[in-house]
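Read the numbers this way: they start at 1 and go in the same order the structure lists the ligands and their atoms.
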Amino acid sequence: MNYYFITGTSTGIGRALVEELVAYPRNRVIGWSRSNFFTHEQFEHRFLDLSKQEALFGLEFDTFTDAKRIVLINNAGCLGEIAYIGQQQLQNLLDVHQVNFTSAAALMNKFIKTYQHYAIEKTIINISSGAASSPYDGWANYCSAKAALNMFTEVLHLEQQQVDNPCGVYAIAPGVVDTYMQESIREISSDKFSKKEKFVELKANGALYAAKDVAKKLVQQIENPATIPSVISRISL
Ligand SMILES: NC(=O)c1ccc[n+]([C@@H]2O[C@H](COP(=O)([O-])OP(=O)(O)OC[C@H]3O[C@@H](n4cnc5c(N)ncnc54)[C@H](OP(=O)(O)O)[C@@H]3O)[C@@H](O)[C@H]2O)c1
């Protein structure tokens, strides 16, 4: 059996990943998010608010005796409040880093601790963003959290090359995808984000990727890790 742990499975890319994976009887999916709108016998939803540090202290990964592949996909993400530095609410600054980076780092730490000794295929995929390497005004928290996620990925990848039963570790930016997150970008007022029009035009020109196509590509890559071009990469459809 293949076991997938995925954060942020209620909407967007995470939801599309669940639907893609449960189409195959060999897969079981555990999804963490604050809400859920999907039921399937191969899918289990577990409530988790990643902005709450305390929720992570008690979190354990299941142990398995029949696993052939175990995968963690840190997909949950949020832009948070868009505001120039100096005008940000402290709680928002802390929450955006907690959801996009710190919680993912904590889950990777626990995943490696739990499964390092399993002599099976193990993979961690961190859903990153072009914003990890391109600064956008008003997005300091999101950009810096995704940059931290990329560097954590690189360090873990390096470490895993030096241990027994290594785990594959990758950060993958999904491209510009037609999800709730993109909707919220198009609603930002232009005086808080100078590149807003670019995202409005991408949508108007039908240039956004569909979440289901991105999910399909991600699953293909996870099933054939040799096709992932590098530790840090971007989906291109
Ligand atoms: N769409 C794009 O163009 C794009 C581009 C680059 C990168 N990404 C990345 O792709 C990933 C998925 O985003 P999406 O586009 O699919 O957006 P989305 O539709 O807004 O989905 C975000 C997911 O994250 C979950 N989430 C947010 N805050 C959470 C919290 N506090 N605790 C638990 N779960 C939380 C949400 O679930 P609940 O609200 O139910 O908790 C939801 O399932 C994110 O990491 C995002 O940064 C997206």
Apply ring pair (Phe, Tyr, Trp, His ring centres under 6.0 Å) to Phe61 and Trp32, showing your working. CA-CA 12 Å; Phe61 283 93; Trp32 283 304; 5.6 Å; yes

Thr9 heavy atoms within 4.0 Å reach ligand 1 at atoms 43 (O)

If you measure every N or O of Pro174 against every N or O of ligand 1, does any of those distances drop under 3.5 Å? no

Clusters formed by hydrophobic residues whose side-chain heavy atoms approach within less than 4.5 Å: which one holds Ile232, and what are its other members? Val231

Under a 4.0 Å N-O cut-off, is there an ion pair linking Arg46 with Asp62? yes

Over 12 non-hydrogen atoms of neighbours within 6.0 angstrom of CZ in Phe47: yes

Pairs flagged by salt bridge (charged side-chain N to carboxylate O under 4.0 Å, His left out) wherever residues 129-140 is involved - sequence neighbours left out: none

Looking only at protein heavy atoms, which one is nearest to atom 15 (O) of ligand 1, and how far off is it? Thr179 OG1, 2.6 Å

Considering the heavy atoms of Tyr180, write down every atom of ligand 1 situated less than 4.0 Å from one of them. 19 (O), 20 (O)

Flag Gly8 as yes when one of its N or O atoms lies below 3.5 Å from any N or O atom of ligand 1, and as no otherwise. yes

Ligand 1 atoms in contact with Leu48 (distance to a heavy atom under 4.0 Å): 32 (N), 33 (C)

For ligand 1, is there an atom lying under 4.0 Å from some heavy atom of Ser51? yes

Answer yes or no: are there more than 12 heavy-atom neighbours, outside Met1 itself, under 6.0 Å from its atom CE? yes

Contacting atoms of ligand 1, where contact means under 4.0 angstrom from a heavy atom of Ile13: 10 (O), 16 (O)

Checking a contact table here: which protein heavy atom is nearest atom 9 (C) of ligand 1, and how many Å away? Ile127 CG2, 3.7 Å

Are side-chain heavy atoms of Glu183 and Thr179 found at a separation under 4.5 Å? no

Between the side chains of His45 and Thr9, does any donor sit under 3.5 Å from an acceptor? no

re atom 47 (O) of ligand 1, the protein heavy-atom contact at minimum distance is Tyr142 OH, 2.6 Å

Tell me the protein heavy atom at minimum distance from atom 44 (C) of ligand 1, and give that distance in Å. Asn75 O, 3.0 Å

Can you tell me how the ring of Tyr136 sits relative to the ring of Trp139, calling it parallel under 30°, perpendicular over 60° and tilted otherwise? tilted

Residue-ligand contact Ser128/ligand 1, heavy atom below 4.0 Å: yes

Applying side chain to side chain donor-acceptor pair (under 3.5 Å), run through Ser128 and Asn150 and close with a yes or a no. CA-CA 7 Å; Ser128 186; Asn150 281 7; 2.7 Å; yes

Pairing donors with acceptors under 3.5 angstrom, does anything connect the side chains of Asn141 and Gln88? yes

Looking only at protein heavy atoms, which one is nearest to atom 38 (P) of ligand 1, and how far off is it? Ser10 OG, 3.4 Å

Is there a donor-acceptor contact under 3.5 Å from the side chain of Glu20 to the main chain of Lys212? no

For ligand 1, which atoms sit closer than 4.0 Å to a heavy atom of Gly12? 16 (O), 19 (O)

Suppose I only count heavy atoms of Ser35 and a 4.0 Å limit; which atoms of ligand 1 are within that range? 38 (P), 40 (O)

CG-OG distance between Asn74 and Ser103, expressed to the nearest 0.5 angstrom: 6.5 Å

Check Glu201 with Lys196, please: is the shortest side-chain N to carboxylate O separation under 4.0 Å? no

What do you reckon, does Leu50 have a nitrogen or oxygen under 3.5 Å from a nitrogen or oxygen of ligand 1? yes

Looking only at protein heavy atoms, which one is nearest to atom 31 (N) of ligand 1, and how far off is it? Asp49 OD1, 2.9 Å

In ligand 1, the atoms that come under 4.0 Å of a heavy atom of Val176 are 3 (O)

Protein heavy-atom partner closest to atom 22 (C) of ligand 1 - residue, atom, separation in Å: Gly77 O, 3.7 Å

Report the nearest protein non-hydrogen atom to atom 5 (C) of ligand 1: residue, atom name, distance rounded to 0.1 Å. Gly175 O, 3.1 Å

Which is closest to atom 29 (C) of ligand 1 by heavy-atom distance: Arg15, Lys146, Arg34? Arg34

Nitrogen or oxygen atoms of Gln182 and ligand 1 under 3.5 Å apart: yes

Counting only nitrogen or oxygen atoms and a 3.5 angstrom limit, does Val99 reach ligand 1? no

Is the number of heavy atoms from other residues, nucleotides or ligands under 6.0 Å of Glu44 CD greater than 12? yes

Close-contact set for ligand 1 against Ser129 heavy atoms, below 4.0 Å: 6 (C), 7 (C)

Going by distance only, is there an N or O of Thr11 that falls short of 3.5 Å from an N or O of ligand 1? yes

